[in-house]
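Working notes, structure below.
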Amino acid sequence: MKKNKNLLALSLCSLALATGTAQAATGYTETRYPIVLGHGMLGFDSMLGIDYWYGIPQALRRGGAQVYVTEVSQLNTSEVRGEELLAQVEEIVAISGKHKVNLIGHSHGGPTVRYVAAVRPDLVASVTSVGAPHKGSDVADLIRRIPEGSAEEAIVAGLVNAMGSLINFLSGSRSSTPQNSLGSLESLNSEGAARFNARFPQGLPTTACGEGAYKVNGVRYYSWSGTSPMTNPLDISDALTGAGALAFDEANDGLVGRCSSHLGMVIRDNYRMNHLDEVNQTFGLTSLFETDPVTVYRQHANRLKNAGL
């Protein structure tokens, strides 16, 4: 009996490996247009050997996708970050020989990629937001209660700007835009998000927690997010998302509410993931009871491929 069980386990492993190899060989993630990844607030492309999108670009490339990882100002308004990203998209289009890209933005990267698609829809095939605060974040609203122009605001802003500058330096970023933590705060709180949405409504839901238009100006819109602030006891960053969850009255990923994350076609809004799990951090320490984040990205690339994107 034990021998039979071992043979069965070996057969299942072989089948899984064969399936993965077959997917790679058949171009499972080989989209028509390049995939461009845009980070969130205080994000980066790679820093001290650590990738923001942990293991994701490599997995997508193995399946045939062209993947470009971008880096913009760590702390700034959605518009400023969007202009920086747009310049990189224009370079990617020239380098790749493709006339459009598939944009994927995490967290503040969501409004950032939306900006690019709104002002240059001719360069964008699709926009996908992952855990992005399109209607603002309750955490940002809580921080915004610090009186404007106060000494407390100046101290907090100075500390956060210094953190952004350090990340910018350690990641070797080519962005020379001064860090603007107050600009980020204004973009990510509910009032600032509402102003941004009034200018760039493409793909936004017209109901409180519904879906948005699937296609606007030739651009397809998608989104997904998690609602489990704490997912792995070995992940020290769970303490951050667990604390952030206290600011919310709705299901959230620790920094972004479930309904705020909706854009275009909502693939799923309740993954057992927190805000950092959504980019496979920290070091892939995510929930053992949920689809691996890397697999979610591979599935989405295949979705884009099947849509002719």
Side-chain angles (χ1 to χ4, degrees), residues 29 31-40 53 56 60 65 70 78-79 81-82 85-86 89 100-137 187-188 190 193-227 250-253 255-271 273 275 278-279 291 293 296-309:
T29 62
T31 54
R32 179 181 180 185
Y33 302 110
I35 292 174
V36 176
L37 303 176
H39 64 75
W53 306 86
I56 294 166
L60 295 177
T70 60
S78 300
E79 292 87 346
R81 286 166 51 92
L85 179 60
L86 175 56
V89 167
K100 292 186 178 184
V101 298
N102 292 301
L103 294 173
I104 299 180
H106 172 244
S107 190
H108 197 182
T112 304
V113 298
R114 282 174 52 203
Y115 175 89
V116 175
V119 301
R120 288 297 306 273
D122 58 304
L123 296 180
V124 181
S126 72
V127 162
T128 302
S129 86
V130 181
H134 298 296
K135 294 183 179 179
S137 166
S187 289
L188 297 175
S190 55
R195 289 192 294 269
F196 182 83
N197 292 341
R199 294 180 62 199
F200 309 110
Q202 294 87 344
L204 284 173
T206 55
T207 57
C209 199
E211 292 187 301
Y214 287 9
K215 189 175 183 179
V216 183
N217 295 331
V219 180
R220 301 283 186 93
Y221 286 85
Y222 304 88
S223 61
W224 78 75
S225 60
T227 51
E250 67 167 326
N252 63 88
D253 65 5
L255 289 176
V256 176
R258 181 175 71 88
C259 294
S260 185
S261 73
H262 287 198
L263 183 75
M265 178 187 292
V266 180
I267 296 163
R268 186 174 163 188
D269 64 0
N270 64 346
Y271 280 106
M273 297 180 189
H275 198 66
E278 290 159 359
V279 287
T291 306
V296 174
Y297 282 88
R298 295 185 71 253
Q299 290 172 340
H300 186 55
N302 183 253
R303 181 180 294 112
L304 296 176
K305 172 189 174 181
N306 291 336
L309 305 174

Verdict with reasoning, Val127 to Gln202, per side chain to side chain contact (heavy atoms under 4.5 Å, CB included): CA-CA 10 Å; Val127 162; Gln202 294 87 344; over 6 Å; no
Distance (rounded to the nearest 0.5 Å) between Leu263 CG and Ser225 OG: 11.0 Å
Pair Ile104-Val130, side chain to side chain contact (heavy atoms under 4.5 Å, CB included): steps then yes or no: CA-CA 7 Å; Ile104 299 180; Val130 181; 4.0 Å; yes
Check against side chain to side chain contact (heavy atoms under 4.5 Å, CB included), His262 and Glu211: CA-CA 6 Å; His262 287 198; Glu211 292 187 301; 5.6 Å; no
Value rounded to 0.5 Å, distance of CH2 in Trp53 from NE2 in His39: 9.0 Å
Spacing of Tyr297 atom OH and Thr291 atom OG1 [to the nearest 0.5 Å]: 13.5 Å
Ring geometry between His275 and His106 (parallel below 30°, tilted from 30 to 60°, perpendicular above 60°): tilted
Heavy-atom donor-acceptor pair, Arg114 side chain to Phe200 backbone, under 3.5 Å: yes
N/O donor-acceptor pair under 3.5 Å between Thr31 side chain and Tyr33 backbone: yes
Arg303 side, atom CZ; Thr128 side, atom OG1 - distance, nearest 0.5 Å: 8.5 Å
Donor-acceptor pair, side chain of Ser187 and main chain of Ser78, under 3.5 angstrom: yes
Side chain to side chain donor-acceptor pair (under 3.5 Å) between Asn102 and Ser126, intermediate numbers included: CA-CA 5 Å; Asn102 292 301; Ser126 72; 2.6 Å; yes
For Tyr222 against Ala307, the heavy-atom pair lying closest together: OH-CB, 4.1 Å
Nearest atoms (heavy-atom pairs only) where Thr70 meets Leu37: OG1-O, 2.6 Å
Nearest-0.5 Å distance, OG of residue Ser260 to CG of residue Asp253: 9.5 Å
Nearest heavy atoms of Leu103 and Val113, plus distance in Å: CD1-O, 3.7 Å
Nearest heavy-atom neighbours spanning Ala301 and Leu60: CB-CD2, 3.8 Å
Side-chain donor or acceptor of Ser137 paired with backbone N/O of Leu255 under 3.5 Å: yes
Nearest heavy atoms of Val216 and Gly203, plus distance in Å: CG2-N, 3.9 Å
Short side-chain to backbone donor-acceptor contact, Ser129 and Ala132, under 3.5 Å: no
From Lys305, His300, Arg298, Gln299, residue fulfilling side-chain contact (heavy atoms from CB on, under 4.5 Å) relative to Thr29: Arg298
Test salt bridge (Lys or Arg N to Asp or Glu O under 4.0 Å) applied to Arg195 - qualifying residues, sequence neighbours left out: Glu186
Considering all heavy atoms, the nearest Pro133-Leu188 contact: CG-CD2, 3.7 Å
Step-by-step side chain to side chain contact (heavy atoms under 4.5 Å, CB included) determination, Lys135 to Cys259: CA-CA 8 Å; Lys135 294 183 179 179; Cys259 294; 5.7 Å; no
Between CG on residue Leu204 and NE2 on residue His134, distance to nearest 0.5 Å: 7.0 Å
